There are 2 protein chains.
Amino acid sequence: MVEIFKALAEESRLRILAILMEDEMCVCEIEECLKMTQSNVSRHLTALKNSGILDSYKKAQWAYYKVSNKFKEDNQDLWLYLVKKLKESPNYHKDLDECQNCKRIDLCDVRKP
Amino acid sequence: MVEIFKALAEESRLRILAILMEDEMCVCEIEECLKMTQSNVSRHLTALKNSGILDSYKKAQWAYYKVSNKFKEDNQDLWLYLVKKLKESPNYHKDLDECQNCKRIDLCDVRKP
DNA sequence: TTCGCATATGAGTATTTACTCATATATATT
DNA sequence: AATATATATGAGTAAATACTCATATGCGAA
């Protein structure tokens, strides 16, 4: 439990989690959406993954991250709380809009026709 | 939200919260129950209070802390999660037992007849 | 007023954490 | 094999955090 709270006790990580709430994403997309450095994104994703909140898989050189279903199941009340509160957080809509813009750019394999 | 997670991202604070789940307590009682230094208890309680999780009141030289009702109302899902998970945590039963022992000792005014 | 008790706070120390730049590693293309 | 792209990881730096000891502050009793 404390490990989960530690992972969540950081603004950048909550922003990442907020945009991952909607759909899985690739590192390069998160970078672009949140205007964060690649290495910083990677580290935060690793922290969230290590605490059991995210899952990831690789497709060629691309790494995709998504909220872990197991996490959602094992921590239903917390997940409910997060979904609600993340949508209310100050950066949420701005970040979401930015993500819509990013989806118009071909960033990684999954976005290519 | 992040402030709340920051307050909860610490083992000692979760232990304090776990025993405060049952009933309000005085600083000196928490000290005794959890075998922590007075100053450390005081600091953790202040952190939990500043994040909105706890409320406190003074009675003479004694300071009592309890879980804030406002916090419970505003963060129902999270509180539900905490109650469940705190009871499952490794130290919970040991700490609870220790508290039962402490209640046999007269520590502060409220315990005196 | 002085003394005793409870607790908050100052200060020091060690550890942890967030971020960056650089680069190692993994995968694909030529 | 060389080159390009994506991402994880090493290393350095600054800031934050947890804990302790000491003591300031607040309250009550004598």
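If you're wondering where the values come from, they're calculated on a predicted model, not measured in any experiment. In the text below, chain A, chain B and the rest are named by the order of the sequence lines, each starting its count at 1.
- Side-chain atoms of A:Ser42 never come within 3.5 Å of backbone atoms of A:Gln38 as a donor-acceptor pair (strictly under, hydrogens ignored).
- Across the protein-nucleic acid pair, B:Glu29 atom CD and C:dC5 atom P stand 18 Å apart, rounded to whole Å.
- For C:dT17, the OP1/OP2 oxygens have no side-chain nitrogen or oxygen of A:His44 closer than 4.0 Å.
- A distance of 13.5 Å separates OH in B:Tyr65 from CE in B:Met25, rounded to the nearest 0.5 Å.
- A 4.0 Å heavy-atom criterion places the boundary nucleotides of DNA chain D facing chain A at D:dA6 to D:dA11, written 5' to 3'.
- Rounded to whole Å, the distance from CZ on A:Arg43 to P on C:dT17 is 13 Å.
- Remark: B:Gln38, B:Ser39, B:Ser42 in residues 32-42 of chain B come within less than 4.0 Å of DNA chain C through at least one heavy atom.
- For the residue pair A:Glu98 and A:Cys33, the shortest heavy atom distance occurs at CG-O, 3.0 Å.
- For B:Leu17 against B:Val67, the heavy-atom pair with the smallest separation is CD1-CG2, 4.1 Å.
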In a table with atom names and distances, give each donor-acceptor pair under 3.5 Å that connects a side chain of residues 80-87 of chain B to protein atoms at least two apart or in another chain.
from    : atom 1 : to      : atom 2 : distance (Å)
B:Tyr81 : OH     : A:Asn75 : OD1    : 2.7
B:Lys84 : NZ     : A:Asp77 : OD2    : 3.0

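- B:Cys28 contributes atom SG, which lies 7.0 Å from atom OH of B:Tyr64 (distance to the nearest 0.5 angstrom).
- Closest approach of A:Phe71 and A:Ile4 over heavy atoms only: CE1-CD1, 3.9 Å.
- Listed pair B:Tyr65 / C:dA6 fails the phosphate criterion, with no side-chain N or O lying under 4.0 Å from OP1 or OP2.
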Worked check of side chain to side chain contact (heavy atoms under 4.5 Å, CB included) between A:Cys102 and A:Glu29 = CA-CA 7 Å; A:Cys102 292; A:Glu29 292 179 288; 6.0 Å; no
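- Here A:Leu14 contributes atom CG and B:Met1 contributes atom CE; the two are 4.5 Å apart, rounded to the nearest 0.5 Å.
- Two residues, A:Ala9 and A:Lys58, neighbour DNA chain C, and the one matched to the more 5' nucleotide by heavy-atom proximity is A:Ala9.
- Nucleotide C:dT17 holds its C1' atom 11 Å from the NZ atom of A:Lys6, rounded to whole Å.
- Within the model, atoms CG of B:Leu34 and NZ of B:Lys94 stand 8.5 Å from one another, a figure rounded to the nearest 0.5 Å.
- Residues B:Leu20 and B:Leu45 meet the side-chain proximity criterion, which asks for heavy atoms closer than 4.5 Å.
- With rounding to the nearest 0.5 angstrom, the CD atom of A:Glu31 is 9.0 Å from the OG atom of A:Ser39.
- Within residues 47-55 of chain B, no residue has any heavy atom under 4.0 Å from DNA chain C.
- When base pairs are accepted only as Watson-Crick or G-U wobble with both N-N or N-O distances under 3.5 Å, DNA chain D takes part in stems of 3 or more pairs at C:1-30 with D:1-30.
- As rounded to whole Å, 7 Å separates atom P of C:dT7 from atom CD of B:Glu31.
- Within the structure, every pair that satisfies the salt bridge (Lys or Arg N to Asp or Glu O under 4.0 Å) test and touches residues 4-16 of chain B, not counting sequence neighbours, is listed here: B:Arg15-B:Asp95.
- Protein atom CD of A:Glu3 is 12 Å distant from nucleotide atom P of C:dT16, rounded to whole Å.
- Atoms SG and OH, from A:Cys26 and A:Tyr57 in turn, are 9.0 Å apart once rounded to the nearest 0.5 Å.
- Within the structure, a side-chain polar atom (N or O) of A:Arg13 is placed less than 4.0 Å from OP1 or OP2 of C:dA18.
- Note: CD1 (B:Ile30) to P (C:dA6) measures 15 Å, nearest angstrom.
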